[in-house]
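Let me begin by presenting the structure, written as structure tokens, before commenting on it.
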Amino acid sequence: MSDLILFWHRRDLRISDNTGLDAARKRSAKVVGVFCLDPDILERDDVAPARVTYMIGCLDALKHRYTQVGSQLLILRGNPVQTIPALAKALNAKAVFWNWDVEPYAQTRDRLVIDALKEKGIEFLHQSWDQILHSPKEIHTSSQSPYTVYSPFWKNWSSKAKAKPLATLENATGLTENEQEIAKQAGVIQLPSAKDLGFIWHRELIISPGETAAQGKLEEFIAQNITEYKEQRNFPSVDGTSRLSAALKFGVIGIRTVWQATLEAQEHSRSEEAQGSIRTWQQELAWREFYQHAMYHFPQLAQGAYRDSFKNFPWQNNPKHFQAWCEGKTGYPIVDAAMGQLNETGWMHNRCRMIVASFLTKDLIINPQWGEKYFMQKLIDGDLSANNGGWQWSASSGMDPKPLRIFNPASQAQKFDAEGEYIRQWVSKLRSVDTEYLVTGKISSLERHRLSYPQPIVDHKVQQALFKTLYQQQKEITM
DNA sequence: TACTACTTGGC
DNA sequence: CCAAGTAGT
């Protein structure tokens, strides 16, 4: 009889290319998956219905994957500090394995679970990094400190050899019927629906849940889009991005598998342009990793601005302006279109994430944390590190010492939605407006009234000048 | 210490 | 052509 190992899934909802699961399988054939629905996470006020719906779909798919290879996925609900050790004890498991997570909440939780396991005499546990290609401690400056600037991080990170994808779990042994009964008594439940958990998402998900769908998405992107990514990624009306963000957030696809696919794409493409595009996408993967490392080393990022000059910034925080931004009623077509896409689909093109973030912080002069939270309440791919990193970048409050990034909504629309296709798709009221006026936002007051489209809530020129003044003042104070 | 380089821009 | 300082070496 082989030892029972529990593998605790958190943001690695797959059985392929999973470092911790691979290690668990090597230790014993009797590997059983477990996932815990944690009220401390699900009852936060920044949880998106689309995200929970996607996650539940992924868990359902994961359940089937386990069944296919001869084992089970067990579902728990409650505080993992209690539920995981209790289940392990009841089943007389030899060990619980899992993969590390950079988030501050996860770090604290995991330490408590380790303590509780030790107390119950669960002898051995194993943890590894799985979400990222290099651990936070592996990448550092010549003076042994973490990078706080992307470019040198990228130089270092990209020069290091990356691990190959790991084997998919197979020929595992699950619980006996008797053990399944014990598991039930120890709190194992049926997988609830998102609705059971109080999250309603009526629309179709923009991304199909599950490991197989994610792998399909990766293959599709590699075959069709990656060689033109550098150009095409800029246009929100074009489907030129990978759309793998949600799958990467929940670890529905392994990052080593993704990296391997980029290497194969490099081998198969000749042109400079294609090579450059693949490199650009690899850099996006490095940004994701940079932000996870940053969150690990500087957990205070989750609490607000990294730079001193933004710590006591006199944000105007006008609630009416914020509401208009959320609802896509700012009177700036490109901003409203982007917010429409977010509200209706749970996803927003990255070009537009930058536009609306710049608008909220530099034009409305609203605390970026408000926007960051709203994104988390809506995004299917909402992830603390990536979302926080993106917002701090847009707010100029983050790590890179750069000029103030103030986007001009009209120039952005002219460059990246020149025909107004994206705006027309997401602001149906404006469909009939001539492209020139649509894109520049120069729609007459009368016309706006006729179409019941809002007047601009602020003047970009005035507000960006005001922001600059406020910033200069803050800089003097904090110097 | 001196020097280099700096995601996605605006005007 | 000005971004805006400064991390990283």
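We name chains A, B, ... by the order of the sequence lines, and we start the count at 1 in each one. From a predicted model like this one, the values you see are computed outputs, not experimental measurements.
Remark: A:Lys442 is not positioned above the aromatic ring of A:Tyr437, lacking an NZ or CZ atom under 6.0 angstrom from the ring centre and at most 45 degrees off the axis. Both tests do not hold together for A:Arg279 against A:Trp281: distance to the six-membered ring centre under 6.0 Å, angle to the ring axis within 45°. Seen from the ring of A:Trp157, A:Lys162 counts as a face-on cation partner, given the 6.0 Å and 45° thresholds. For the pair A:Arg448 and A:Tyr453, the cation does not sit on the ring face, since its NZ or CZ is not both under 6.0 Å from the ring centre and inside 45° of the axis.
In the set B:dT7, C:dG8, B:dC11, the nucleotide with an atom closest to the side chain of A:Ser411 is B:dC11. Here B:dT8 is the nucleotide among B:dG10, C:dA7, B:dT8 with the atom lying nearest to any side-chain atom of A:Arg405. Distances from the side chain of A:Lys475 to the nucleotides C:dG5, C:dA7, B:dT7 place C:dG5 closest. When each of B:dT8, B:dC11, C:dG8 is scored by its nearest atom to the side-chain atoms of A:Gln464, the top-ranked nucleotide is B:dC11. Residue A:Arg307 has its side chain nearest to C:dT6 when only C:dG8, C:dT6, B:dG9 are considered. Comparing atom distances between the A:Lys415 side chain and each of C:dA4, B:dT7, B:dG10 picks out B:dG10 as nearest. Of the candidates B:dG10, C:dG8, B:dG9, B:dG10 carries the atom nearest the A:Asn408 side chain, counting heavy atoms from C-beta on.
A:Ile406 places its CD1 atom 16 Å from the C1' atom of B:dT8, with the value rounded to the nearest Å. The distance from atom CH2 of A:Trp154 to atom P of B:dT8 is 16 Å, rounded to the nearest whole Å. B:dT8 atom P lies 11 Å from atom CZ of A:Phe416, rounded to whole Å. Remark: P of B:dT8 and OH of A:Tyr229 are 14 Å apart, rounded to the nearest angstrom. Between the CZ atom of A:Phe359 and the C1' atom of B:dT8 there is a distance of 19 Å, rounded to whole Å. Atoms CD (A:Gln412) and C1' (B:dG10) sit 10 Å apart, rounded to a whole Å. What separates OH of A:Tyr147 from C1' of C:dA7 is a distance of 10 Å, to the nearest Å. For A:Tyr306 and C:dT6, the OH to P distance is 12 Å, given to the nearest whole Å.
A side-chain N or O of A:Asp38 and one of A:Tyr105 form a donor-acceptor pair less than 3.5 Å apart. Counted by atom type alone, A:Ser16 and A:Glu211 present one or more donor-acceptor pairs between their side chains at under 3.5 Å. Donor-acceptor pairing under 3.5 Å is recorded for the side chains of A:Gln282 and A:Thr262. Side-chain contact check for A:Tyr291 and A:Asn388: no donor-acceptor pair (N or O, by modelled atom type) lies under 3.5 Å. Inspection of the A:Lys475 and A:Gln472 side chains reveals an N or O donor paired with an N or O acceptor under 3.5 Å.
Between A:Tyr150 and C:dT6 there is no side-chain polar atom (N or O) within less than 4.0 angstrom of OP1 or OP2. The side chain of A:Arg353 places no N or O atom within less than 4.0 Å of a non-bridging phosphate oxygen (OP1 or OP2) of B:dT7.
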Problem set entry | Dot-bracket pairing map - DNA chain B, Watson-Crick plus G-U, both contacts under 3.5 Å, | cross-strand | .|||||..||.
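Within the structure, the side-chain hydrogen bond (donor to acceptor under 3.5 Å, both in side chains) test picks out the following pairs touching residues 307-318 of chain A (sequence neighbours left out): A:Asp308-A:Lys311.
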Please list, one pair per line, the donor and acceptor atoms closer than 3.5 Å that link side chains of residues 197-210 of chain A to other protein atoms, with sequence neighbours excluded.
| from | atom 1 | to | atom 2 | distance (Å) |
| --- | --- | --- | --- | --- |
| A:Trp201 | NE1 | A:Arg203 | O | 3.0 |
| A:Arg203 | NE | A:Glu344 | O | 3.3 |

Could you go over nucleotides 1-6 of chain B and give all protein N or O partners under 3.5 Å, atom names and distances?
| from | atom 1 | to | atom 2 | distance (Å) |
| --- | --- | --- | --- | --- |
| B:dC6 | O3' | A:Lys402 | NZ | 3.3 |

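Considering only heavy atoms from C-beta on, A:Gln107 stays 4.5 Å or farther from A:Asp101 through its side chain.
At a non-hydrogen distance threshold of 4.0 Å, nothing from residues 274-294 of chain A comes into contact with DNA chain C. Within residues 132-146 of chain A, the residues approached by DNA chain C to less than 4.0 Å at the level of any non-hydrogen atom are A:Thr141, A:Ser142, in residue-number order.
As rounded to the nearest Å, C:dA4 and B:dT4 have P atoms that lie 22 Å from one another. Between C:dT9 and B:dT7, the two P atoms lie 14 Å apart (nearest whole Å).
Here CE of A:Met376 is found 8.0 Å from CZ of A:Arg44. Values are rounded to the nearest 0.5 Å. Within the model, atoms CG of A:Leu438 and CZ of A:Arg431 stand 11.5 Å from one another, a figure rounded to the nearest 0.5 Å.
Using cut-offs of 30° and 60° for the angle between ring planes, the A:Phe153 and A:Tyr150 rings count as tilted.
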